Every structure is written in structure tokens, then in C-alpha cells.
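To keep things clear, I will list the structure first and then write my remarks on it.
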Amino acid sequence: MRHLMSPLDFSTEELSNLFDLANDIEKNPGKYAHACAGKKLATCFYEPSTRTRLSFESAMLSLGGNVIGFSDAGSSSAAKGESVSDTIRTISCFADICAMRHPKEGAPMVAAEKSRIPVINAGDGGHQHPTQTLTDLLTIRSLKGRLDNFTIGLCGDLKFGRTVHSLIHALVRYENIKFIFISPEELRIPDYITDMLKEKNIPFEEVIRLEEKMPELDLLYMTRVQRERFFNEEDYVRLKDFYILDKTKMALAKEDMLVLHPLPRVNEISVEVDDDERAAYFKQVQYGVYVRMALILTLLEIKVN
Ligand code: CP
């Protein structure tokens, strides 16, 4: 039995197979419509979500399976003090696979250790968000035709942004990737990540101004400044509108640069950018469903001919 805790749990070859499967699902949805008949997905979300939870549920329903779960820790027995270990032992009696989001780093891993069914980390604190990374990679590969030879700018909350941390770990396995980290001083990328990049001789720069680097970028990954990760409201208010991507900044970018964002957005991308052909963030949401369908099939070892 296999779980997914980090994007590194799959080799690049396995990822390539997963993305091929996701692209086939996109082209031939009918072929997969009953692949998970009789199977159940449990979504155990101890933190709010729109995309991740609903795309998992949509993915399982599109495969002909069923879904159960909770979207709020307060409506589960966690509110009475039940541990994640006991919860997953219970869920293992009800479902065939589980997607879990939790505010504490490592909680899905603790669950996986006690689980009798595959557990998918659907985001754990500021640590990892592997299915967002699968979504990001599938989007890039589908729209650009490759996962190598990019200069990628990551902008916003690079300190707490789990999607950023997961994506960097995944991209370092591809050739000729250069990272440009764009953040205010307070939200800089953690040292353990820059240390890893130095160790692997992967080029990166850290800058504060987005405009300065726009012309160099093949991909721009925008992120939200996350109110829920701040210890005080004053710091959040000071930093929340530090970056706003608008038409003026987009005019500085390459004609084929892609703008990605894991969403939700607050103010960091002006709605006037949504109509720009380079804005890929809503396409990304759609790719998230295909890749989660492919992931469910892969972890349940279901083959469709
Ligand atoms: N991208 C993402 O994780 O969105 P949700 O928080 O809405 O699931």
C-alpha cells in the first residue's frame, strides 16, 4: 500500500506516467467513468478548503465512486479530543482511500502510519501540499510541453507557503531550472530550502521587487499572504498587499510567460489580469481534478484499458 505525503514519493518516471494518465482522462473521460465503482474516498479536512477538497470529491465522483468525510474539525470527533491516529483507524473501516488536510505539519504522516488505506496529504500546515504540486506540474507540462529549462519566479509568501515549498522540491529534479524568489524580507524562503539548492548547485536569486525580474521569467508563481499563518494581525496588514500583479507589470513579461497561482487569491493578482492569455490559474484548477483522478487510480492500483 502506498501513501502520498510529498511529491518526492513518486520518481520522475512515475510522475510522467501519472501525467500521461491525467492527460488521457482529460481526453477520454467516459473511459474512466466507472473505474472506481464501489470504492469510497474519505475527505478529512481539519482546515478550510474549496479547491482541494471539492476537486478530490469531484475526481472520485467522476470515476464512479462515492465520497464521505468532514470539512471542519469542529464537526468531527477531533472536537472531543480524538487523535488523528484513532480517526484514521476509524476511517479505514469506512473508506478505501483518504485525503487529509491538517494545520499541523506531519499530521497526515502520523495518520499514514496507522492507516489500513492509502492516505493522501492534502496540505499540512506550512510544510507540504503534494497534490497542489502535481496540479502545478501537470499544468506546466500540458501548457508548455515540458518540465525542464525554465526560469521560474515565485512571488509572495515564500516563508509559510507550503505550495511553494512542495513545488521547489519537485522542480529541482528537472534539468536547467532557475529559481527567482520574490518576497518581502519578512516572508523570505526558508534557509533549509536555499541550503538544499546550494548543495545541488541549482541557481537562484532573492529579490524584493517583482518588476525587476518580470522580463526574465518563463513562469510566475504568485501566492497569497496567508493571514492564518501570522501571529499578529499588524504584520499581516502591513504585508498583505505587498505585491499586486496588474496589467502594467504583465506588460513587462514575455509573451508566453505563464502566470500560476494555487488560489485562493485575495488582492495579489488584479482581476484585470484574468483575461490575459498568460493567466493559467483557473486552467490549473481544472488540471487539479484530472491529476487527482489519476492519483486515486494509481494509489488504488486500478488499471483501465
Ligand atoms: N490550492 C488550494 O489548496 O486551495 P484550497 O485551500 O481552496 O483547497
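Just follow the structure's listing: the first ligand is 1, and inside any ligand the first atom is 1. Everything numeric in this text was worked out from a predicted model, so none of it was measured. Atom set for the values below is all heavy atoms of this structure, side chains included, hydrogens, waters and symmetry mates excluded.
Relative to the ring axis of F45, R101 does not place its NZ or CZ within 45° and under 6.0 Å from the centre.
Shown are L138, L297, V291, L137; of these, the side-chain contact (heavy atoms from CB on, under 4.5 Å) with L18 is made only by V291. Remark: of the listed residues M214, E206, K213, E212, K213 is the sole one forming a side-chain contact (heavy atoms from CB on, under 4.5 Å) with I180.
Contacts of L263 with ligand 1, taken as heavy-atom pairs under 4.0 Å, involve the backbone alone.
At a cut-off of 3.5 Å, with distance as the only test, no side-chain donor of Q128 or D124 sits close to an acceptor on the other residue.
Protein heavy atom closest to atom 4 (O) of ligand 1, with residue, atom name and distance, is R51 NE, 3.1 Å. For atom 6 (O) of ligand 1, the nearest protein heavy atom (residue, atom name, distance) is R101 NH1, 3.0 Å.
Between T50 and ligand 1, an N or O atom pair is found at a separation short of 3.5 Å.
By the 30° and 60° cut-offs, the orientation of the rings of Y46 relative to H102 is tilted.
If you number the atoms of ligand 1 from 1 as listed, the ones under 4.0 Å from a heavy atom of Q132 come out as 1 (N), 2 (C). Atoms of ligand 1 found under 4.0 Å from any heavy atom of H129, numbered from 1 in the order shown, are 2 (C), 3 (O).
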